[in-house]
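Only one structure is covered here, and it is reproduced in the block below.
When a ligand or atom number is given, it counts from 1 through the structure's own listing order. Atom set for the values below is all heavy atoms of this structure, side chains included, hydrogens, waters and symmetry mates excluded.
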Amino acid sequence: MNKIPFIPETAPFTPEQRLWLNGYLAGFYSDAGVADPSAAGSAAASAPPKPLVVLFGSQTGTAEGLAKKTAREAEKRGFAPKLVDLAKYETVDLTREPNVLVITSTYGDGDPPDNAQAFWNFLQSETAPALPNLNYSVLALGDTNYSAFCQFGKNCDERLEKLGAKRVHPRIDCDVDYEAPAKTWTEGVFAALTSAESASAGGATATSEVSTATAASEEPQGWSKKNPFPARLLANRLLNGVGSGKEVRHYEISLAGSGLSYEVGDALGVLPLNCTALVSDILTELGCDGEEAVHTPDGAETSLRLALAQHYDVTRPTAELLKAAASRGAAGGELAGLLDPARKDDLKKWLWGREVIDVIGGLAQPLAASELMPLLKKLQPRLYSISSSPKAHPEEVHLTVAAVRYDTFGRGRKGVCSTFLADRCTDTTPVPVFVQTSHGFRLPADGNVPVIMCGPGTGIAPFRAFLEERRATGARGGNWLFFGDQKRSTDFLYQEQLEAWVADGHLGRLDLAFSRDQEAKVYVQNRMLENAHELWSWLESGAHFYVCGDASRMAKDVDAALHQVAETSGGLSKEAAVEYIQKLKSEKRYQRDVY
Ligand SMILES: Cc1cc2nc3c(=O)[nH]c(=O)nc-3n(C[C@H](O)[C@H](O)[C@H](O)COP(=O)(O)OP(=O)(O)OC[C@H]3O[C@@H](n4cnc5c(N)ncnc54)[C@H](O)[C@@H]3O)c2cc1C
Ligand SMILES: Cc1cc2nc3c(=O)[nH]c(=O)nc-3n(C[C@H](O)[C@H](O)[C@H](O)COP(=O)(O)O)c2cc1C
């Protein structure tokens, strides 16, 4: 039996490089039937590693991180994993691979993350090949707060099956707390792939013993989502002028002593604490003083007050809470009717502006704390696009955050994390943070390449970082920024810094769109269209195009404007414009950081 040379862990490669090389060697040796010279005379050679492709679709890095972890784990179980970004799906011939795992998130209305769009187009196309020899399984990442929960993972799973591939292990749909279900899936998948391979080989090899212990010590060490760094807040500055309808704040956070590093384009995860006044109101509603002993979601014992303040999401009602409240006559019986799946849209409307406190208030049979706690979810961190370059601000990270505040049903409401930063952090209250690497949002490696950045509102954040970085590295490529907001007089975020960069030529073009400064609303996409000819010539000269900010409308409008530019100034047909933009995406020249 040929032994495939394996790159040892001691070799001078990063774990990711090793995975790639092992996957490559496994493919090369199995395709070419090349005998490994070192195997000569080695009768006791162990079984060759089984080829396994781990494909990931990821926008903000979660699926990517999980895919890397799965690949590392696979390597230990005797597989030769090859980790593949779905943007590079063409490097994998699915008709020849025996085993594929797909780990992907969902965005928008059940859409793929950006890096998976081209793969999805290919999979749906008429030219998609039959895959009768492929064993596969899908792990879908999502968030139950979205109605199209894990929809893209579901779509991939169905489509692969339709193409004839064999689902060796059921898909798993993971909510924001994905670690435990993901671990269960991984164990199941490795066992299933091992037995599927034995079965198809007709061999009687015993299913390998699968260890369930993925020891914490095997995980990358350091500060992480699970173990955030208690950082010091250095500055909290309001960026809007008096009379603005917005409250956007600039934060400076010290990373000194953490060993944490980041690149421009990354996001910072912040794990907030809930508002103490809201926690007190919930305790009053429950008839508790807060000293009652309860458990955190991780099983540690604590007081009810601390659990509500630090560990549980006490604002967004879960489906389980809604059900329990409906059975106790919530909203005068109205809620029970709204839970009918046919009335999904009515329920969404009813929930708009309502929080846990509204759902548990005034129940005919009040919920006890012990009944409420299992109906709440774990408090989740929020992500923020980093707005600084580490080269300009060593050991610091800056954020640009809009505080969420609104009044509904007679109560003042506060977004958990944005007001934690605005109101509840001081220079002595730590901000628990971790760095969320975002490989899909990066400056071109070559500083001579021009960049076009479209970032209205808080979307400016990563572009302030990009501009600081390009200044620090002396990058010579052109910089063009589209920024917009409501009013120039109050909402021109980072005006001084941007105007200074314009004055000294670092920011070659700054196009502004203040929607409320004139009768007709003007947005960044209008400015793009006004400058279509020049925008097209920048794209044709190799510029990278970036967009950051609101996903629900702005990013869609900017995308439509980009297509229009390709048609009007590029002279392309509708179809050719779609192809052109798709190519920009697959070449990583059109990148989005939208939320
Ligand atoms: C990759 C990424 C990068 C991001 N970067 C940034 C950034 O740079 N800057 C930034 O400010 N944000 C950014 N965000 C958004 C950020 O993560 C949070 O979602 C945001 O700060 C709100 O969180 P919160 O905890 O304050 O509000 P939450 O407690 O999560 O409350 C928000 C919810 O309140 C409800 N709500 C809001 N307004 C109203 C209203 N008027 N009426 C009724 N209900 C309402 C909605 O249900 C909304 O979903 C980013 C998100 C992602 C995923
Ligand atoms: C703007 C935005 C839209 C999202 N849309 C959906 C959705 O439609 N369905 C879903 O299940 N999850 C949705 N999610 C949640 C993500 O899929 C989830 O957070 C996932 O873990 C992210 O993985 P990634 O970092 O690999 O992209 C959305 C998240 C964001 C920020």
With a 4.5 Å limit on heavy-atom distance, are the side chains of [X] and [Y] in contact?
X: E355; Y: K414; result: no
X: M554; Y: P456; result: yes
X: I452; Y: F482; result: yes

Exercise. Is the centre of the Y546 ring less than 6.0 Å from the centre of the F466 ring?
Worked result: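 That pair passes the under 6.0 Å test.
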How far is [atom] from its nearest protein heavy atom, and which residue and atom name does that atom have?
atom: atom 8 (O) of ligand 2; answer: G108 O, 2.6 Å
atom: atom 4 (C) of ligand 2; answer: Y146 CZ, 3.3 Å
atom: atom 11 (O) of ligand 2; answer: C150 N, 2.7 Å
atom: atom 21 (O) of ligand 2; answer: L141 CB, 3.9 Å

Between [X] (side chain) and [Y] (backbone), is there a donor-acceptor pair under 3.5 Å?
X: R470; Y: N479; result: no
X: T106; Y: F152; result: yes
X: N115; Y: S58; result: yes

Are any of the N/O atoms on [X], whether in the backbone or the side chain, positioned under 3.5 angstrom from an N/O atom of ligand 2?
X: D109; answer: no
X: G61; answer: yes
X: G57; answer: no

Exercise. Would you say P113 contacts ligand 2, with heavy atoms under 4.0 Å as the rule?
Worked result: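 So P113 does not count as touching ligand 2.
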Atom indices of ligand 2, in the order listed, that fall short of 4.0 Å to a heavy atom of [X]:
X: G110; value: 8 (O)
X: Q59; value: 24 (P), 26 (O), 27 (O)
X: Y595; value: 1 (C)
X: G142; value: 10 (C), 11 (O), 12 (N), 17 (O)
X: T60; value: 24 (P), 25 (O), 27 (O)
X: A63; value: 24 (P), 26 (O)

For this session: Could you walk me through whether N274 and Y312 pass the side chain to side chain donor-acceptor pair (under 3.5 Å) test, one step at a time?
Result: CA-CA 8 Å; N274 286 309; Y312 287 93; over 6 Å; no
From the candidates [options], the one that places a heavy atom nearest [atom]:
atom: atom 31 (C) of ligand 2; options: Y107, F152, F149; answer: Y107
atom: atom 9 (N) of ligand 2; options: A551, A148, A267; answer: A148
atom: atom 16 (C) of ligand 2; options: N115, T106, D143, T62; answer: T106
atom: atom 20 (C) of ligand 2; options: S105, G440, A555; answer: S105

Exercise. Protein heavy atoms: any of them under 4.0 Å from atom 24 (P) of ligand 2?
Worked result: yes
Exercise. Under 3.5 Å, is there a donor-acceptor pair linking the side chains of W120 and Q124?
Worked result: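 There is such a pair (donor and acceptor under 3.5 Å, judged by atom type) between the side chains of W120 and Q124.
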For this session: Verify the distance criterion only: is there a donor paired with an acceptor across the side chains of R413 and T408 at less than 3.5 Å?
Result: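 Present: a donor and an acceptor within the cut-off.
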Problem set entry | Derivation of the side chain to side chain donor-acceptor pair (under 3.5 Å) call for E468 and S389 | CA-CA 6 Å; E468 287 190 346; S389 155; 5.2 Å; no
Exercise. What's the shortest heavy-atom distance between P228 and L271, and which atoms?
Worked result: CG-CD2, 4.1 Å
Problem set entry | Heavy-atom pair of closest approach, residues R464 and S387 |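 Answer, listing the atom of R464 first, then S387: NH1-O, 2.8 Å.
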For this session: Describe, in one word, how the ring planes of H398 and H393 are oriented to each other, choosing from parallel (under 30°), tilted (30 to 60°) and perpendicular (over 60°).
Result: tilted
Problem set entry | Neighbouring residues of ligand 1, heavy-atom cut-off under 4.0 Å |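 Close residues (ligand 1, cut-off 4.0 Å): T60, R316, W352, G353, R382, L383, Y384, S385, T400, V401, A402, V404, Y406, G415, V416, C417, S418, T458, A461, D593, Y595.
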Exercise. Which salt bridge (Lys or Arg N to Asp or Glu O under 4.0 Å) pairs, counting each pair once, include a residue from residues 107-116, with sequence neighbours left out?
Worked result: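 Found D114-R592.
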